[in-house]
Novice: 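Have a look at this one before I ask anything.
Labels below follow one simple rule: chain letters A, B, ... track the order of the sequence lines, proteins then strands, and each chain is numbered from 1. Note that the structure is predicted; figures quoted are calculated from it, not measured.
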There are 4 protein chains.
Amino acid sequence: MKDTIVRASMKLFEERGFRETSIQDICDAVGVTKGAFYYYFTSKEELLMEIHQQYIDDLLNQEEKILNEELSASDKILGVMSLLMDSIRNNRAAARIFFAELRQLEGERLAAIITKRRTFRTNVEGVVRRGMETGELRDDVDPGAMTMAILGIVNWSYQWFQPNGKLGSLELARQFHRMIMSGIGKGGREGLKP
Amino acid sequence: MKDTIVRASMKLFEERGFRETSIQDICDAVGVTKGAFYYYFTSKEELLMEIHQQYIDDLLNQEEKILNEELSASDKILGVMSLLMDSIRNNRAAARIFFAELRQLEGERLAAIITKRRTFRTNVEGVVRRGMETGELRDDVDPGAMTMAILGIVNWSYQWFQPNGKLGSLELARQFHRMIMSGIGKGGREGLKP
Amino acid sequence: MKDTIVRASMKLFEERGFRETSIQDICDAVGVTKGAFYYYFTSKEELLMEIHQQYIDDLLNQEEKILNEELSASDKILGVMSLLMDSIRNNRAAARIFFAELRQLEGERLAAIITKRRTFRTNVEGVVRRGMETGELRDDVDPGAMTMAILGIVNWSYQWFQPNGKLGSLELARQFHRMIMSGIGKGGREGLKP
Amino acid sequence: MKDTIVRASMKLFEERGFRETSIQDICDAVGVTKGAFYYYFTSKEELLMEIHQQYIDDLLNQEEKILNEELSASDKILGVMSLLMDSIRNNRAAARIFFAELRQLEGERLAAIITKRRTFRTNVEGVVRRGMETGELRDDVDPGAMTMAILGIVNWSYQWFQPNGKLGSLELARQFHRMIMSGIGKGGREGLKP
DNA sequence: AATGAATGAGTGTTCATTCAT
DNA sequence: CATGAATGAACACTCATTCAT
């Protein structure tokens with residue numbers, strides 16, 4: 001039941017937004033009364049928290065697996081990008097909520113999610129930094145900025161990515177990765193100081 | 001007065017969000033009554049529209065200037081990225097509202113803003129495509145996807161960019177541009193089909 | 001100007017009702033600002049009063065003429081009925097307001113109009129009473145009730161009378177008068193106690 | 001509770017009018033909060049609809065009974081007139097609202113009530129027409145106009161009828177019926193073509 | 001004679017939440 | 001487990017009216 005409510009609300013939150021969806025809307029969709037809702041959740045915010053938690057925990061789990069593998073920095077970056085693109089494809093509603101409705105959390109709940117988000121990002125930044133140290137990646141750019149760029153590319157895709165488009169999530173991740181690694185300029189490495 | 005209201009509301013919308021800010025909040029901030037607000041705006045949505053309109057119109061104007069200059073594709077891309085980073089830096093509140101509160105517009109207003117946003121993006125895509133045709137840019141990647149990547153990097157920065165951070169908006173744009181053009185991989189062009 | 005406002009507001013009050021028409025609506029229709037309105041009227045209620053006053057004064061004037069003529073009770077009744085039907089036909093908006101928006105007046109203004117309305121009615125009742133005394137009319141019915149019936153027939157017509165219908169106001173008044181005087185029963189005077 | 005609200009609001013609507021009575025007024029009168037009101041009604045208009053519906057449905061039911069009896073046209077007309085006078089006496093508030101606040105309904109609701117009102121009227125007109133065909137009633141007057149006259153007499157009474165007056169509703173209906181059937185003129189049938 | 005800006009009290013409506021049953 | 005009734009605080013919006021200019 002609790003899960004039924006979570007799933008129904010995810011659909012509604014994606015379509016209309018968190019604030020624009022009332023508890024009544026959710027109850028109507030599930031076919032229960034408000035009393036039932038408050039038996040399973042203490043507040044609307046807790047429901048939102050549940051969604052955030054599930055999403056970020058899943059991401060962190062998968063990220064950990066990639067990080068623990070014996071891979072080059074480049075391949076780890078590809079792995080994380082694929083992971084995010086996939087999760088946006090397969091979990092569109094949750095992804096949208098995760099990126100757009102963080103603000104609706106408050107206090108401790110907000111802090112908890114922010115911490116986990118930071119962990120996810122810091123992990124990627126670690127990969128980038130180590131890649132620079134080992135010489136696999138250029139070290140004349142800021143590792144933090146590059147991390148934000150990498151995440152920006154994939155995270156932003158929740159705004160436009162269509163699962164039925166001509167490029168799938170994996171193919172997109174590959175092309176993004178190619179750009180990040182080799183650039184799209186043709187004649188050598190312009191912009192690089194010698 | 002109208003402008004005073006717009007400015008005060010931008011601040012509040014940025015801090016709390018559009019839905020979370022009441023007309024009363026805005027009036028309290030400005031020091032007028034609700035009647036005064038409705039003398040200048042017919043609805044809360046109209047106020048939001050005003051903010052969106054100003055922001056996107058300004059962006060389109062500046063984009064046009066860059067597009068009309070005699071520049072390489074690479075430089076035009078740098079120009080657009082700088083433009084966006086700058087506007088996020090100097091117009092933080094408007095940028096945040098522009099990216100996060102599109103959903104709150106409805107009907108014709110929504111359509112009008114979406115159209116302008118699409119124009120902005122299509123213009124960038126045009127630069128990328130032409131760069132590929134002239135041989136300045138690699139043509140083994142999808143121009144649409146690359147455009148989204150470029151815009152994703154800078155647009156996403158409204159979520160984390162701090163004007164007081166160690167890297168300024170221009171420096172960030174330059175580093176992002178370098179990544180996009182040359183990649184951050186070191187040993188040649190991995191990922192490229194021969 | 002004052003008259004222009006009265007006429008425009010009558011049209012609007014008829015279409016939408018007094019409460020449902022705002023001062024702004026009236027000003028828009030006339031093409032002036034609210035300041036101008038309040039130059040000519042001290043309040044919305046005063047405007048309504050003006051309409052009531054004009055209407056009832058006109059009715060009272062015409063009624064007086066009929067009453068002063070040398071006519072039978074029957075003819076006087078026909079005269080008053082024609083007068084009311086005509087005024088509903090020619091002054092549809094004012095009539096509708098007069099019958100439907102009395103309630104919107106308060107205090108002295110309300111009292112003044114009620115007094116005049118009573119005068120109009122009492123005058124008709126006087127005709128009926130005298131008709132009964134002189135033997136022209138049956139005296140086995142209540143004169144007050146008969147007066148209310150006579151006025152009810154014509155006053156109610158503001159709800160349904162269409163100037164373009166197959167029967168004109170004069171023809172309707174005649175048919176109503178015939179019914180009142182002779183009844184619509186055929187075989188003699190049923191219902192009458194011997 | 002729903003019924004309590006309906007009854008309290010009927011009283012207030014009669015005294016002050018629909019527009020002039022706020023939801024808050026109703027809630028204060030009943031002793032509940034606005035939330036409770038909106039638990040039972042989706043809008044103020046729905047409450048008004050409820051009142052209209054109850055009133056006209058009751059009227060139609062009673063009318064049908066009269067129509068199905070084996071009665072002369074004259075008696076059926078008396079029956080309908082008594083019915084309306086009675087309902088105005090016993091249900092003064094509802095009657096007043098029914099006659100004066102139709103305008104406040106909109107769209108489908110308005111259409112539904114108008115349809116039922118028309119049915120009531122058409123039924124009376126049917127009695128009049130058949131009375132003319134069978135020769136019970138004069139056929140040198142317009143049946144539609146006569147119907148409107150009959151209804152006008154009784155409907156208008158909601159404006160003046162006092163239950164405590166010297167004439168009761170039944171006695172009034174009888175006197176009105178006598179006038180309609182036999183007229184109040186004394187000397188034969190003036191106005192009749194030979 | 002008329003404007004334009006502003007007020008202030010009020011309106012209908014929404015909604016997360018509570019709680020006795 | 002779950003319901004149905006009810007709360008209370010807030011919300012966007014309206015409008016008759018005022019007044020300095």
Novice: Counting only heavy atoms not in Lys11(B), do more than 12 sit closer than 6.0 Å to its NZ atom?
Specialist: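 Open: at most 12 neighbouring heavy atoms sit under 6.0 Å from NZ of Lys11(B).
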Novice: Rounded to whole Å, please give me the gap between NZ in Lys44(A) and C1' in dT18(E).
Specialist: 17 Å
Novice: Write down the distance between CZ (Phe41(B)) and P (dA6(E)), rounded to a whole number of angstrom.
Specialist: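 Between P of dA6(E) and CZ of Phe41(B): 12 Å.
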Novice: Of Tyr39(A) and Ile23(B), whose closest DNA chain F nucleotide lies nearer the 5' terminus?
Specialist: Tyr39(A)
Novice: Nearest-nucleotide wise, let me know which of Tyr38(B) and Thr33(D) is further upstream toward the 5' end of DNA chain F.
Specialist: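 Here Thr33(D) is the residue nearer the 5' end.
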Novice: How long is the line joining CZ of Phe37(C) and C1' of dT17(F), in whole Å?
Specialist: 10 Å
Novice: Please evaluate residues Phe161(B) and Trp156(B) with respect to the criterion ring pair (Phe, Tyr, Trp, His ring centres under 6.0 Å), reporting the C-alpha separation (whole Å), side-chain torsions for both, the decisive distance (0.1 Å), and the verdict.
Specialist: CA-CA 9 Å; Phe161(B) 176 55; Trp156(B) 189 253; over 10 Å; no
Novice: In this structure, how many angstroms lie between the P atom of dA2(F) and the CD1 atom of Ile5(A), rounded?
Specialist: 9 Å
Novice: Let me know the distance between CZ of Arg19(D) and C1' of dT14(F), rounded to the nearest Å.
Specialist: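 Going from CZ in Arg19(D) over to C1' in dT14(F) covers 10 Å.
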Novice: Is any N or O donor-acceptor pair between the side chain of Lys34(D) and the base of dT13(E) shorter than 3.5 Å?
Specialist: yes
Novice: With Lys44(C) as the cation and Tyr38(C) as the aromatic partner, state whether NZ or CZ is under 6.0 Å from the six-membered ring centre and within 45° of the axis.
Specialist: no
Novice: Under 4.0 Å between a Lys/Arg side-chain N and an Asp/Glu carboxylate O for Arg96(D) and Glu101(D)?
Specialist: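 Between Glu101(D) and Arg96(D) there is no salt bridge, as every charged N stays at least 4.0 Å from the carboxylate O atoms.
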Novice: On DNA chain E, nearest-nucleotide positions of Gln24(A) versus Ser22(D): which is more 5'?
Specialist: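 Whichever sits nearer the 5' end wins; that is Ser22(D).
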Novice: Determine whether a donor-acceptor pair (N or O, by modelled atom type, separation under 3.5 Å) exists between the side chain of Glu45(D) and the backbone of Glu106(D).
Specialist: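 Side chain of Glu45(D) to backbone of Glu106(D): a pair is present.
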Novice: Please name the nucleotide paired to dA20(E) by Watson-Crick or G-U wobble geometry with both distances under 3.5 Å, or report none.
Specialist: dT3(F)
Novice: When the distance from CD of Glu20(A) to P of dT13(E) is rounded to whole Å, what number comes out?
Specialist: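 So the two atoms are 21 Å apart, to the nearest Å.
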Novice: Rounded to the nearest angstrom, tell me the gap between atom CD in Glu45(C) and atom P in dC15(F).
Specialist: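 After rounding, the reported distance stands at 18 Å.
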Novice: Rounded off to whole Å, could you give me the CD-to-C1' distance for the Glu106(D) and dG12(E) pair?
Specialist: 13 Å
Novice: Scan every strand shown for a Watson-Crick or G-U wobble partner of dA12(F), both distances under 3.5 Å, and answer none if you come up empty.
Specialist: dT11(E)
Novice: With a 4.0 Å cut-off on heavy atoms, is Tyr40(B) in touch with a base, just the backbone sugar-phosphate, or nothing at all?
Specialist: sugar-phosphate
